[in-house]
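The block underneath contains the structure these notes are about, expressed in structure tokens.
The first residue in the sequence is number 1, and the count goes up from there. Only a predicted model underlies this, so the values are computations on that prediction, with no experimental measurement involved.
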Amino acid sequence: MRTPRYMELVWYKGLADLHADAARGYVGFVWWVLEPLLYMLAFYVAFGLGIRAGGAHMLLFLLCGLVPWKLFASTVQNGGGIIQANSGLIQQVYLPKYVLPWMVLVTNSMKFFIILGLLLLFAGADQGAAPTWLALPALVAVELLLTLALASLAAAVVPLVPDLDLVITNGLIVMMFVSGVFNDVRRLPPHLARVLEFNPMVHVIAGFRAVLLEHEWPDWGALSAVAAFSLAIYAVAVLLLQRFDRAYPKLMIG
């Protein structure tokens, strides 16, 4: 597997997709900021004003859930269709299929880092900076690894079983409600919280809240488990993408 050989292509394609995305609408890249803000406003009205889910710092509480979730959900969703979206390219030139999910990750990560910068500004104004912010690079790295792994798995299986695209779409909706995006999983009944802890995004979102909202270090044991899980899933995904590497173009024609 010679991924570095294709990193220049991944980077170029990611930038090209980002430029095309920005040029598609009148507000351009401003929409990358407006979209999560609109989500935040909707959840603030429903859960902040309604049930006071995040306490005194509910806006920061919601943003710490929404910002990492948007990166994860959009990348996994787009990952499922990445081979189909690039069918013209892969039918003209040979490209290892395990490279394609990287393109989605690069594009969405650029948007994510813009929003993350705004989140840090808001967190600094609301709570002030703290030494625990030094954990953010490791926390972001774990999320990127998890996101790449599941996006690659989606890319591998959706062309083989197209109906799984609908499963992923609806599964992400359900997953959003059980990942602690707008509630604190620790406040749930212990037996339910233990079940939800099998969801890796629970630990990622809890890590962002620990670092930015509570000024505590994240649960390194839980994040290490998420990283190990992600590496295992990524290895399976790459094996599948390599196994069916030559079959995907034929499936696109069929």
Side-chain angles (χ1 to χ4, degrees), residues 1 3 6 9-10 13-14 17 20-21 35-36 39 65-66 68-109 111-112 142-181 195-205 225-254:
M1 187 171 68
T3 302
Y6 299 98
L9 174 60
V10 168
K13 185 66 165 56
D17 289 345
D21 191 24
E35 185 182 14
Y39 271 92
L66 284 170
W69 174 257
K70 284 295 293 178
L71 168 66
F72 173 80
S74 60
T75 304
V76 173
Q77 179 68 66
N78 293 338
I82 188 61
I83 291 180
Q84 178 66 49
N86 289 273
S87 59
L89 175 63
I90 65 177
Q91 287 169 8
Q92 295 177 28
V93 297
Y94 173 72
L95 183 67
K97 308 311 175 289
Y98 61 80
V99 172
L100 296 175
W102 282 89
M103 296 178 179
V104 181
L105 184 68
V106 167
T107 301
N108 289 339
S109 293
K111 301 177 185 179
F112 167 74
V142 169
E143 179 175 9
L144 291 176
L145 178 59
L146 172 65
T147 303
L148 175 64
L150 293 181
S152 297
L153 185 61
V157 299
V158 167
L160 304 176
V161 188
D163 288 347
L164 286 177
D165 192 39
L166 290 175
V167 175
I168 292 171
T169 299
N170 290 283
L172 286 170
I173 295 173
V174 174
M175 191 175 176
M176 180 176 67
F177 285 91
V178 296
S179 295
V181 173
V195 172
L196 295 184
E197 284 177 358
F198 285 98
N199 176 358
M201 278 302 294
V202 165
H203 304 292
V204 172
I205 290 173
V226 171
F229 168 79
S230 303
L231 287 172
I233 293 297
Y234 186 63
V236 171
V238 170
L239 287 174
L240 288 172
L241 288 166
Q242 290 179 323
R243 169 67 178 81
F244 297 102
D245 187 272
R246 300 290 183 177
Y248 291 125
K250 299 176 183 178
L251 291 172
M252 297 302 101
I253 294 174

Partners meeting side-chain hydrogen bond (donor to acceptor under 3.5 Å, both in side chains) with N199 (sequence neighbours left out): S179
Which pairs of donor and acceptor atoms, one on a side chain in residues 144-166, lie under 3.5 Å apart (sequence neighbours left out)?
residue : atom : partner : partner atom : Å
T147    : OG1  : E143    : O            : 2.8
S152    : OG   : L148    : O            : 2.8

At their closest point, which heavy atom of [X] faces which heavy atom of [Y], and how far apart are they?
X	Y	value
V181	I205	CG2-CD1, 3.8 Å
F72	L172	CE2-CD2, 3.9 Å
Y234	Y98	OH-O, 4.5 Å

Report yes or no: does K97 contribute a side-chain atom to a donor-acceptor pair with the main-chain N or O of L95 at less than 3.5 Å? yes
Please report the C-alpha distance between S230 and V142 in whole Å, then the side-chain angles of each, then the deciding distance to 0.1 Å, and finally whether the side chain to side chain contact (heavy atoms under 4.5 Å, CB included) criterion is met. CA-CA 8 Å; S230 303; V142 169; 5.7 Å; no
Test Y94 against D245 for side chain to side chain donor-acceptor pair (under 3.5 Å), laying out the working first. CA-CA 10 Å; Y94 173 72; D245 187 272; 3.2 Å; yes
CG/L100 to CG/N86 distance, rounded to the nearest 0.5 angstrom? 5.5 Å
To the nearest 0.5 Å, what is the distance between CD (Q77) and CG (N108)? 11.0 Å
Run the side chain to side chain contact (heavy atoms under 4.5 Å, CB included) check on L241 and Y248 step by step: do they pass? CA-CA 9 Å; L241 288 166; Y248 291 125; 3.8 Å; yes
Quick one: list whatever passes side-chain contact (heavy atoms from CB on, under 4.5 Å) with E197, sequence neighbours left out. H203
Apply side chain to side chain contact (heavy atoms under 4.5 Å, CB included) to V106 and M103, showing your working. CA-CA 5 Å; V106 167; M103 296 178 179; 5.9 Å; no
